[in-house]
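Down below is the structure, laid out as structure tokens.
Position 1 is the first residue of the sequence; numbering continues from there.
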Amino acid sequence: MDGLAELILALHKVGIRIGTVTSGWREKIDSVIKLLKVDGCISVIVERDDVTKGKPYPDPYL
């Protein structure tokens with residue numbers, strides 16, 4: 001997504017904590033974070049293996 005890395009970096013710079021919820025798997029998530037060069041900017045990651053019932057259920061967000 002255009003501008004996503006810049007948004008994450010700007011939010012992180014001013015102290016806003018960032019979390020993400022995804023149905024992706026950890027290796028893919030780590031690859032995207034590295035590709036965007038936002039390592040260390042995301043405080044919480046909830047991925048498919050962290051919950052029993054994933055999206056569209058609310059469990060990952062809770």
Q: Please name the pair of heavy atoms, one in I8 and one in I18, separated by the smallest distance, quoted to 0.1 Å.
A: O-CD1, 3.4 Å
Q. Does the side chain of D50 come within less than 4.5 Å of P60's, by heavy atoms?
A. no
Q) Does anything in residues 21-33 pair up under side chain to side chain donor-acceptor pair (under 3.5 Å), and if so which pairs, sequence neighbours excluded? A) R26-D30
Q. Mind checking whether M1 and L7 have side chains closer than 4.5 Å, heavy atoms only?
A. no
(Q) Let me confirm one number: the SG-NZ distance from C41 to K13, rounded to the nearest 0.5 Å. (A) 11.5 Å
(Q) Are T20 and V44 packed together at the side-chain level, in the sense that at least one heavy-atom pair is separated by less than 4.5 angstrom? (A) no
Q. Linking I/L/V/M/F/W/Y whenever any side-chain heavy atoms sit under 4.5 Å apart, do V51 and V21 land together?
A. yes
(Q) If you define the side chain from C-beta out and look only at heavy atoms, does anything of I45 sit under 4.5 Å from I33? (A) yes
Q: Measure across L36 and A5 and return the closest heavy-atom pair with its distance rounded to 0.1 Å.
A: O-CB, 3.6 Å
Q. Same cluster or not: are V46 and L62 linked, directly or through other Ile, Leu, Val, Met, Phe, Trp or Tyr residues, by side-chain heavy atoms under 4.5 angstrom apart?
A. no
Q) Is there a path of hydrophobic side-chain contacts, each under 4.5 Å between heavy atoms of I, L, V, M, F, W or Y residues, that connects I29 with L11? A) yes
